[in-house]
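Everything below concerns the one structure shown next.
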Amino acid sequence: MSKAGWLISGLRRLEAVRRLGWREVDVWVAAKVSDDLQRALAVRDENSLRKGLNPIEAATLYGELKVLYAEEAGRRQASTRFGAPKSGSTGSVDSTEPLDARVQAARAITGRDSHGMLDQVLELQRLVDDDTTPAWLRAQVEDGLAGINVDGKVNGRYLAITTAQGRHELEQAANDDTQPAAARDAARDELDRLAGLRHPQAAAQAAKRATERVRKAAGQVSSRATAEAAALVKRFTAGVRKHYGWWDLVDPRTVAEHLSDEQWELLTSSWVATQQFMGEAITAREQRDSEAGG
């Protein structure tokens with residue numbers, strides 16, 4: 001139930017309670033329900049809701065209602081798992097497993113199972129709201145949403161935007177010199193394959209899979225580089241630990257007096273290189289700590 005008393009889900013259970021003649025029953029009250037969803041729930045039973053909503057408005061309400069249905073399904077599942085009674089004062093008289101929250105929400109808002117279309121609209125809205133979305137892509141998505149508002153056609157626009165987004169990511173990976181060579185080559189191969197696809201559905205699916213494969217390739221190379229770096233650091237620290245404290249074992253005056261010119265040059269060049277190494281290491285360490293601290 002919403003705080004205003006509108007039924008969000010559980011119509012069959014409510015009907016069963018009525019037939020049993022119960023006068024009272026415990027209910028779950030959703031704390032956060034928007035005013036728009038309150039109005040949608042109010043007119044739902046009058047069968048007028050779907051007539052007044054465009055796809056974007058429907059998707060917004062669907063997204064909110066989907067979360068509420070999922071929360072309620074989780075609550076019911078937890079009650080069953082921990083041995084709560086299935087009938088009586090809890091009102092849990094309907095043993096039927098709840099439908100997928102997406103299907104429930106879509107049917108409540110549009111009167112049919114349109115969750116695929118509504119999820120596509122939500123994804124397009126997410127891209128517009130995401131600050132990391134490139135400006136060119138945000139403009140394309142905004143144009144797409146404007147068109148959806150006019151004619152209600154979602155799938156074709158969603159597939160085109162998905163393909164464009166995937167192709168752009170692949171092009172960036174293929175030309176990014178900071179990426180491992182294997183990842184750049186993989187991105188170029190994926191772009192070649194994508195260029196040969198003409199069917200919108202196939203192209204969109206291929207673009208998604210391609211970006212996932214390129215990310216995986218980059219991650220595998222990065223993992224190998226991390227493992228190699230770890231092995232190098234392990235050998236380095238082992239050497240430092242082995243020779244740590246050598247300065248306490250040798251008298252500096254003895255070294256200064258008895259080293260040959262060649263040996264002295266080796267010692268001083270090691271000292272200069274060590275100073276340079278430590279300066280760069282300290283700077284890198286401070287930068288790491290600064291970035292970690294925000």
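We use all heavy atoms of the structure for the numbers below, so side chains are in, but hydrogens, waters and symmetry mates are not.
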State the [atom1]-[atom2] distance between [X] and [Y], to the nearest 0.5 angstrom.
X: Ile109; Y: Glu57; atom1: CD1; atom2: CD; answer: 11.0 Å
X: Leu267; Y: Glu262; atom1: CG; atom2: CD; answer: 13.0 Å
X: Gln140; Y: Asp143; atom1: CD; atom2: CG; answer: 8.0 Å
X: Leu145; Y: Ile56; atom1: CG; atom2: CD1; answer: 4.5 Å
X: Leu122; Y: Tyr158; atom1: CG; atom2: OH; answer: 10.5 Å
X: Gln165; Y: Lys208; atom1: CD; atom2: NZ; answer: 8.5 Å

What pair of heavy atoms forms the shortest contact from [X] to [Y], and how long is it?
X: Ala203; Y: Thr163; result: C-OG1, 3.6 Å
X: Arg138; Y: Asp131; result: NH2-CA, 3.8 Å
X: Trp264; Y: Ala256; result: CZ3-CA, 4.1 Å
X: Ala173; Y: Val214; result: CB-CG1, 4.0 Å
X: Ala206; Y: Leu194; result: CB-CD1, 3.9 Å
X: Val121; Y: Ala59; result: CG1-CB, 3.5 Å

Could you go step by step and tell me if Asp100 and Lys66 meet the salt bridge (charged side-chain N to carboxylate O under 4.0 Å, His left out) rule?
-> CA-CA 9 Å; Asp100 186 301; Lys66 176 176 62 172; over 6 Å; no
For a 4.5 angstrom cut-off between non-hydrogen side-chain atoms, does [X] reach [Y]?
X: Thr162; Y: Gln120; result: no
X: Val150; Y: Asn54; result: no
X: Ile282; Y: Met278; result: yes
X: Leu191; Y: Arg167; result: yes

Polar side-chain atom of [X] near backbone of [Y] as donor-acceptor pair, under 3.5 Å:
X: Ser290; Y: Glu286; value: no
X: Ser114; Y: Met117; value: no
X: Asn175; Y: Glu171; value: yes
X: Thr211; Y: Ala207; value: yes
X: Arg184; Y: Gln179; value: yes
X: Arg215; Y: Ala210; value: no

Should Ile148 and Lys153 be marked as a side chain to side chain contact (heavy atoms under 4.5 Å, CB included) after you check the CA-CA gap, both sets of side-chain angles, and the distance that decides it?
-> CA-CA 5 Å; Ile148 289 171; Lys153 296 179 180 179; 6.0 Å; no
Is the closest basic N to carboxylate O distance between [X] and [Y] below 4.0 Å?
X: Asp113; Y: Arg102; value: no
X: Asp151; Y: Arg157; value: yes
X: Glu212; Y: Arg209; value: no

Count the heavy atoms belonging to other residues, nucleotides or ligands that lie under 6.0 Å from [atom1] of [X], then report whether that count exceeds 12.
X: Asp261; atom1: CG; value: no
X: Trp247; atom1: CH2; value: yes
X: Arg288; atom1: CZ; value: yes
X: Trp136; atom1: CH2; value: yes

Take Asp185 and Arg188 through the salt bridge (charged side-chain N to carboxylate O under 4.0 Å, His left out) test and state the conclusion after the steps.
-> CA-CA 5 Å; Asp185 292 341; Arg188 295 187 187 103; 3.0 Å; yes
Derivation and outcome, side chain to side chain contact (heavy atoms under 4.5 Å, CB included), residues Val128 and Thr133 = CA-CA 7 Å; Val128 171; Thr133 299; over 6 Å; no
Side chain to side chain contact (heavy atoms under 4.5 Å, CB included) between Arg285 and Asp289: does it pass, once the steps are laid out?
-> CA-CA 6 Å; Arg285 186 83 169 187; Asp289 294 342; 4.1 Å; yes
Are Leu249 and Val255 connected in a single hydrophobic cluster, I mean Ile/Leu/Val/Met/Phe/Trp/Tyr linked by side-chain heavy atoms less than 4.5 Å apart?
-> yes
Do the side chains of Leu127 and Leu170 join up, straight or via other hydrophobic residues, at under 4.5 Å, putting them in one cluster?
-> no
List the steps and the verdict of side chain to side chain contact (heavy atoms under 4.5 Å, CB included) for Arg107 and Thr110.
-> CA-CA 5 Å; Arg107 287 178 176 170; Thr110 66; over 6 Å; no
